[in-house]
Amino acid sequence: MQDARFERVTLHRGDLRTRFPRRFRARLEGCRVEELARRAKYLLAHLSSGETLLMHLGMSGSFRVEYDGNGSGPASDAGRHDHVVFAMSSHATVFFNDPRRFGMMDVVPAGKLEAHPALSRLGPEPLSAGFDGAALAAACRGKKVSLKVALMDQRVVAGLGNIYVSEALHVARLSPHRKAATIATATGAPRDAAHRLAAAIKQVLEEAVERTTGEIYRASRFRVYDREGERCRQRGCAGSIRRQTQAGRSTFYCARCQR
DNA sequence: ATTGAGACCTGTCGGC
DNA sequence: TGCCGACAGGTCTCAA
């Protein structure tokens, strides 16, 4: 998609989680994609017009790219749940498929990106240098919610979802039920737990990126996620993985090694 | 302001 | 096989 132009944009329905912005097609067609980027769970395509195409996959969204050798049309017809089709000047056709329609797309004018409601309140990027135990402790200071719920809050740290919150808490050996505020001291200084947790978040995300970009794809082997009843994999721990609901979402953890 | 509950959608899976 | 409820990796809104 990068460096190619949008030649033809086709919408197969008018809404995902939100409605498409007005003049969606017109604002994309003819524009070149200058750069692809990401912020939290949002994908950004910076356009030659100065606007930015903002996209979110929701829970069930995906892109599929098909190539067409002679440029005479889309590689195939849009299938079920292919809500948006981008025909690119590179002869690639990009299909946005989203059965559940929890995804979203918007086009944001130049200079308005940081102020966009989806982005304006996001916390730090977990893989950035600015995110560390001190930053995490500061964000959790005074929070009465559990650590699990705090890490799901995109204002605390941006881009963690239900799976990697459970994974990170397991690596850090911290209970998901523990109050978020307990990883900071009364003065706000980080405790050891805050450093461990920040490092664990970076570790599980880096591993996840490696798994998905690398050639070696093993059937998803999470430490705790979706492993209810199975053995804990922490070295020397004889516990088994439990599942509990927190704020309406499943949390997986080992009650033995996570405190 | 913070927090928990419910809503938004459709698909899949396990149990009967 | 068919039906039904539970559940799914996210975010928003609303009420307490």
Side-chain angles (χ1 to χ4, degrees), chain A residues 11-21 38-44 54-64 78-84 95-106 108 115-123 125-126 138-171 176-184 201 204-213 217-229 241-253:
Chain A
L11 291 185
H12 291 283
R13 57 177 303 149
D15 64 306
L16 296 171
R17 182 159 52 77
T18 58
R19 296 199 64 76
F20 288 94
R38 177 193 65 76
R39 175 77 175 102
K41 297 173 191 165
Y42 292 87
L43 302 166
L44 311 173
L54 178 66
M55 299 168 279
H56 195 295
L57 297 174
M59 300 236 274
S60 59
S62 63
F63 287 105
R64 179 177 83 258
R80 187 163 168 72
H81 304 309
D82 285 340
H83 306 309
V84 191
F95 298 81
F96 176 72
N97 186 280
D98 186 5
R100 226 170 147 184
R101 284 193 288 119
F102 282 4
M104 69 86 85
M105 289 200 189
D106 199 359
V108 189
H116 191 281
L119 306 181
S120 62
R121 292 183 299 273
L122 289 174
E125 285 290 328
C140 288
R141 189 178 174 193
K143 276 206 162 291
K144 296 179 177 170
V145 289
S146 64
L147 267 182
K148 161 72 189 300
V149 171
L151 293 183
M152 291 288 285
D153 185 340
Q154 303 296 297
R155 294 169 303 183
V156 171
V157 51
L160 282 182
N162 200 43
I163 291 178
Y164 292 110
V165 167
S166 282
E167 295 293 290
L169 286 169
H170 185 250
V171 170
H177 300 295
R178 182 167 159 161
K179 292 276 175 269
T182 64
I183 65 166
I201 289 167
V204 299
L205 290 182
E206 280 164 2
E207 286 174 2
V209 170
E210 205 165 308
R211 263 208 308 275
T212 47
T213 59
Y217 182 83
R218 295 180 306 243
S220 71
R221 276 317 353 162
F222 296 117
R223 289 173 172 83
V224 288
Y225 181 79
D226 205 21
R227 293 192 60 237
E228 183 178 17
I241 305 308
R242 293 189 192 174
R243 178 168 80 111
Q244 264 185 11
T245 298
Q246 287 181 286
R249 314 297 302 278
S250 285
T251 302
F252 296 87
Y253 70 106

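FYI, side chains are in, hydrogens and waters are out, and symmetry mates aren't considered; it's all heavy atoms of this structure. Per chain, numbering begins at 1; letters A, B, ... match sequence-line order.
One P atom belongs to dT3(B), the other to dG9(C), and the distance between them is 22 Å to the nearest Å. For the P atoms, the distance from dC3(C) to dC9(B) is 24 Å, rounded to whole Å.
The pairing partner recorded for dG9(C) is none, the criterion being a Watson-Crick or G-U wobble arrangement whose two distances lie under 3.5 angstrom. With a cut-off of 3.5 Å on both pairing distances, dC9(B) has no Watson-Crick or G-U wobble partner at all.
Residue Lys41(A) places at least one side-chain N or O under 4.0 Å from the OP1 or OP2 atom of dT11(C). Remark: His81(A) is not in phosphate contact with dT10(B), judged by side-chain N or O atoms under 4.0 Å from OP1 or OP2. The side chain of Arg100(A) places no N or O atom within less than 4.0 Å of a non-bridging phosphate oxygen (OP1 or OP2) of dC8(B). Regarding contacts with the backbone of dC7(C), every side-chain N or O of Arg249(A) stays at 4.0 angstrom or more from both OP1 and OP2. The side chain of Tyr225(A) contributes an N or O atom lying less than 4.0 Å from OP1 or OP2 of dG9(C). The phosphate of dT3(B) has OP1 or OP2 within less than 4.0 Å of a side-chain N or O from Lys143(A).
Among the heavy atoms of the strands, none lies under 4.0 Å from Gly248(A). Contact annotation for Arg121(A): no contact, since no heavy-atom pair falls under 4.0 Å across all strands. In this structure, Ser60(A) reaches neither bases nor backbone, as no heavy-atom distance under 4.0 Å exists between it and the strands shown. Across all strands shown, Arg13(A) has no heavy atoms under 4.0 Å from either base or sugar-phosphate atoms.
Rounded to whole Å, the distance from CG on Asn97(A) to P on dG11(B) is 10 Å. At whole-Å resolution of the value, CG in Asp153(A) and P in dT11(C) are 11 Å apart. Spacing between atom CD of Glu228(A) and atom C1' of dG14(B) amounts to 14 Å, rounded to whole angstrom units. Whole-Å rounding puts the Met104(A) CE to dC12(C) C1' distance at 11 Å. For the pair Lys148(A) NZ and dG9(C) C1', the interatomic distance rounds to 11 Å; values are reported in whole Å. Put simply, CG on Asn162(A) is 13 Å from C1' on dT11(C), counting in whole angstrom units. As a whole-Å value, the separation of His83(A) NE2 from dG11(B) P is 9 Å. Atom CD in Gln246(A) sits about 16 Å away from atom C1' in dG9(C), given to the nearest Å.
For Met59(A), the side-chain atoms get nearest to dG9(C) when compared with the rest of dG9(C), dC7(C), dG4(B). Of the candidates dT11(C), dG4(B), dT2(B), dT2(B) carries the atom nearest the Arg155(A) side chain, counting heavy atoms from C-beta on. With dG4(B), dG11(B), dG10(C) as the candidates, the nucleotide lying closest to the side chain of Arg80(A) is dG11(B). For Ile163(A), the listed nucleotide lying nearest its side chain is dG9(C); candidates were dG9(C), dT11(C), dG11(B). If you check dT3(B), dG11(B), dT11(C) against the side chain of Tyr42(A), the one that comes closest is dT11(C).
By the 4.0 Å N-to-carboxylate-O rule, Arg13(A) lies close enough to Asp15(A) to be salt-bridged with it.
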Trace of the side-chain hydrogen bond (donor to acceptor under 3.5 Å, both in side chains) decision for Gln244(A) with Thr251(A): CA-CA 5 Å; Gln244(A) 264 185 11; Thr251(A) 302; over 6 Å; no

Does the side-chain hydrogen bond (donor to acceptor under 3.5 Å, both in side chains) test come out yes or no for His81(A) and Asp98(A), once each step is laid out? CA-CA 6 Å; His81(A) 304 309; Asp98(A) 186 5; over 6 Å; no

With side chain to side chain contact (heavy atoms under 4.5 Å, CB included) as the criterion, how do Glu125(A) and Arg38(A) come out once you've worked through the C-alpha distance, each side chain's angles and the decisive distance to 0.1 Å? CA-CA 10 Å; Glu125(A) 285 290 328; Arg38(A) 177 193 65 76; 3.0 Å; yes

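Annotation: Arg242(A), atom CZ; neighbour count of heavy atoms from other residues, nucleotides and ligands within 6.0 Å does not exceed 12.
Residues Phe102(A) and Leu16(A) are not in side-chain contact: their nearest non-hydrogen atoms beyond the backbone lie 4.5 Å or more apart.
With hydrogens and angles ignored, no donor-acceptor pair closer than 3.5 Å exists between the side chain of Arg101(A) and the base of dC9(B).
Using cut-offs of 30° and 60° on the angle between ring planes, the pair His177(A) and Tyr253(A) is perpendicular.
The aromatic ring of Phe102(A) is stacked on the base of dC8(B), with the two ring centres less than 5.5 Å apart and the planes inclined by under 30°.
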